[in-house]
Amino acid sequence: MSAPREILIIGGGIIGCTTAYYLSRHPSASTSNITLLEASKAGVAQGASGKAGGLVAKWAYPKEIVSVSFTEHVKLAEEHGGKDRWGWRYVGCGSWEGRGNLSPAEAEPGTGVGKDGERKSLEKTLGLVDTDVQRNADSRKAKGLPNDLLWVRDDLTDAYSPMAGDSATAQVHPYLFTTSMLDLAKSNGVNFIQGKATSILQENGKVTGVKYEDLFTNASKTLKATHVILAAGAWSPTLIPDLPVSATRAHSITIHPQSSVHISPYVLFTEITLPSTAHSQGKTVSPEIYARPGGEVYACGPGDDSLLPGSVDDVLVDQEACDSIYKHVSSISKELAEGTVDKRQACFLPVVSTGGGPIIGEADKIARGLIIATGHTCWGICNAPGTARAITELIMDGKIKCANLRKLQPSVLL
């Protein structure tokens, strides 16, 4: 009998947790020891995986992994009650253009960009292609507003255009989805350790384990491994310095409208022209707005190039950036303006600095058994199940069978 696989996953974000789940469901899991190592004292999903919008779209990118991931999302929701457990549902998704309503005497609305950072696009709509989607003939007037999109002001709307067809866009609550994946994985026997990986060990061109620092005792410890999956998001290059992954910080807020208000299920990519104020000339801002089940609304601003801190627990939130996002979205919606801001937060998205990505596959030029799974930009939540399935096939079956991911292999991008 061959020795059991010792599989170690570094990173408790959506990629790591979903991969742990898929590995634990494989028939060979009974002869494998699977461990997930997370560097935050607060647990998993403390970075982008807990603070993202949670969009799941057929029009996301890259297409190679999206085609697998969307179908896997549907299966997961059906099998585990995703509607109730992590807020899975289909949503309308559109481009909204119009004017923001600000008093001339109102304070500077800001840009939504964090302090000490330069603006960076989140590039979420790069996967969209021209479609033949037509506006609903029954939409309100010539502006294209859907009949049930009542939480943006008609009089401030210039145009609304759907960005994809029916059933092409869905959503999950990212924190609930990530933690659910971990809980399901743990119920299947996956081990969970809170520690910060400090080095990946190898011998004769093959991984042998990982050194890590215990978060609660600060003791240095070692875990043996036959396979190491590096899924530490923007922090992945701290373990593989040649990894071409950079970090983009993004701020976001969550808003709870008044209990009597109904927020219909839409995701809006906005272009809001703000008027001049006593403090600044008019400008155009582009917050994204996500209606969530239960009435919560998530909104995020642009990215910035702020320096990545040493740990996810050290991420700083620029309150002014969050306040700006609230002013921007409130300027087009009475319902949001009268709501209460619940969370002000920031996270770092992993971006492949050489273009393309994410990076998915075995980095055998560095060490056999070293699997890279990072650089998913703003589409980590969307593409996690497809990534997890591919990695599981690679480790357990010897090759990726669900999709052709050759363009995403580490050998191409490293």
Side-chain angles (χ1 to χ4, degrees), residues 4-40 43-50 52 54 56 65-88 170-194 223 225-233 236 358 360-361 371-374 376 379-397 400-403 405:
R5 296 180 182 87
E6 299 286 347
I7 305 171
L8 178 58
I9 304 166
I10 301 174
I14 186 57
I15 303 300
C17 290
T18 307
T19 300
Y21 166 79
Y22 273 76
L23 286 167
S24 74
R25 290 286 298 266
H26 193 277
S28 297
S30 59
T31 58
S32 304
N33 294 318
I34 306 165
T35 300
L36 189 145
L37 184 65
E38 166 53 36
S40 172
V44 301
Q46 297 305 304
S49 298
V56 179
I65 200 71
V66 171
S67 60
V68 179
S69 264
F70 197 95
T71 301
E72 292 296 315
H73 266 290
V74 173
K75 291 179 181 177
L76 288 169
E78 291 175 347
E79 181 175 356
H80 297 295
K83 178 181 177 181
D84 296 322
R85 189 164 185 170
W86 56 74
W88 165 267
Q171 71 178 168
V172 299
H173 188 294
Y175 180 82
L176 296 178
F177 182 53
T178 303
T179 54
S180 292
M181 289 293 100
L182 177 63
D183 289 343
L184 291 167
K186 289 167 66 176
S187 70
N188 292 334
V190 170
N191 305 306
F192 177 64
I193 296 176
Q194 287 175 273
L223 287 169
T226 59
H227 298 82
V228 173
I229 301 168
L230 181 56
S236 297
I360 303 172
I371 312 298
I372 308 294
T374 189
H376 290 73
W379 288 114
I381 301 294
C382 178
N383 288 331
T387 300
R389 179 177 169 181
I391 291 172
T392 297
E393 291 175 348
L394 178 61
I395 293 175
M396 299 300 205
D397 303 326
I400 296 173
K401 299 180 290 184
C402 62
L405 302 185

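Looking only at side-chain heavy atoms (C-beta outward), Tyr22 and Leu76 come within less than 4.5 Å of each other. Taking the side chain as every heavy atom from C-beta outward, Asp183 and Arg85 approach each other to under 4.5 Å. Between Leu8 and Leu37 there is a side-chain heavy-atom pair separated by less than 4.5 Å. At least one side-chain heavy atom of Phe177 sits under 4.5 Å from a side-chain heavy atom of His73. For the pair Leu23/Ile9, a side-chain contact is recorded, criterion being any heavy-atom separation below 4.5 Å from C-beta on. Inter-residue side-chain proximity for Leu223 and Ile193 is flagged as met; some heavy-atom pair is nearer than 4.5 Å.
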*Run the numbers on His376 and Ile360 for side chain to side chain contact (heavy atoms under 4.5 Å, CB included), then give the verdict.*
CA-CA 9 Å; His376 290 73; Ile360 303 172; 4.1 Å; yes
*asked:* Does Trp88 form a side chain to side chain contact (heavy atoms under 4.5 Å, CB included) with Val56? I'd like the steps, not just the answer.
replied: CA-CA 9 Å; Trp88 165 267; Val56 179; 4.2 Å; yes
*Give the intermediate values and the outcome of side chain to side chain contact (heavy atoms under 4.5 Å, CB included) for residues Ile391 and His227.*
CA-CA 11 Å; Ile391 291 172; His227 298 82; over 6 Å; no
*Do Ile395 and Ile229 pass the side chain to side chain contact (heavy atoms under 4.5 Å, CB included) test, and can you show the C-alpha distance, the side-chain angles, and the key distance before you say yes or no?*
CA-CA 10 Å; Ile395 293 175; Ile229 301 168; 3.6 Å; yes
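At least one donor-acceptor pair under 3.5 Å links the side chain of Thr179 to the backbone N or O of Leu176. Ser49 contributes no side-chain N or O that, together with a main-chain N or O of Gly13, makes up a donor-acceptor pair within less than 3.5 Å. Proximity of a side-chain donor or acceptor of Ser32 to a complementary backbone N or O of Pro4 within less than 3.5 Å is not detected. Between the side chain of Thr18 and the backbone N or O of Ile15 there is no donor-acceptor pair closer than 3.5 Å. When atom types are taken as modelled, the side chain of Ser187 and the backbone of Leu184 share a donor-acceptor pair closer than 3.5 angstrom.
Of the charged side-chain nitrogens involved, none lies within less than 4.0 Å of a carboxylate oxygen, so that Glu78 and Lys75 do not count as a salt-bridged pair.
The two residues Leu36 and Ala20 have their closest heavy-atom pair at CD1-CB, 4.1 Å. Considering every non-hydrogen atom in both Gly12 and Glu38, the closest pair reads N-OE1, 2.7 Å. Heavy atoms only, all atoms of each residue included: Ser24 and Ala29 are closest at O-CB, 3.5 Å. Nearest heavy-atom pair across Ser28 and Met396 is CB-SD, 3.9 Å. Ala52 approaches Ile381 most closely through the heavy-atom pair CB-CG1, 4.2 Å.
A side-chain contact (heavy atoms from CB on, under 4.5 Å) with Cys402 is found for one member of Thr392, Val68, Thr71 and no other, namely Val68.
Interatomic distance, Thr35 OG1 to Glu6 CD, rounded to the nearest 0.5 Å: 7.0 Å. In this structure, CG on Leu182 lies 10.0 Å from CD1 on Ile14, to the nearest 0.5 angstrom. Expressed to the nearest 0.5 Å, how far CD of Glu79 lies from CZ of Arg25 amounts to 4.0 Å. Atom OG in Ser69 sits 10.0 Å away from atom CZ in Arg389 (nearest 0.5 Å). Note: Leu394 CG to Ile400 CD1 = 5.0 Å, rounded to the nearest 0.5 Å.
Aromatic ring pairs are classed by plane angle as parallel below 30°, tilted from 30° to 60° and perpendicular above 60°; the pair Tyr21 and His80 is perpendicular.
With sequence neighbours left out, the salt bridge (Lys or Arg N to Asp or Glu O under 4.0 Å) criterion links Asp397 to Lys401.
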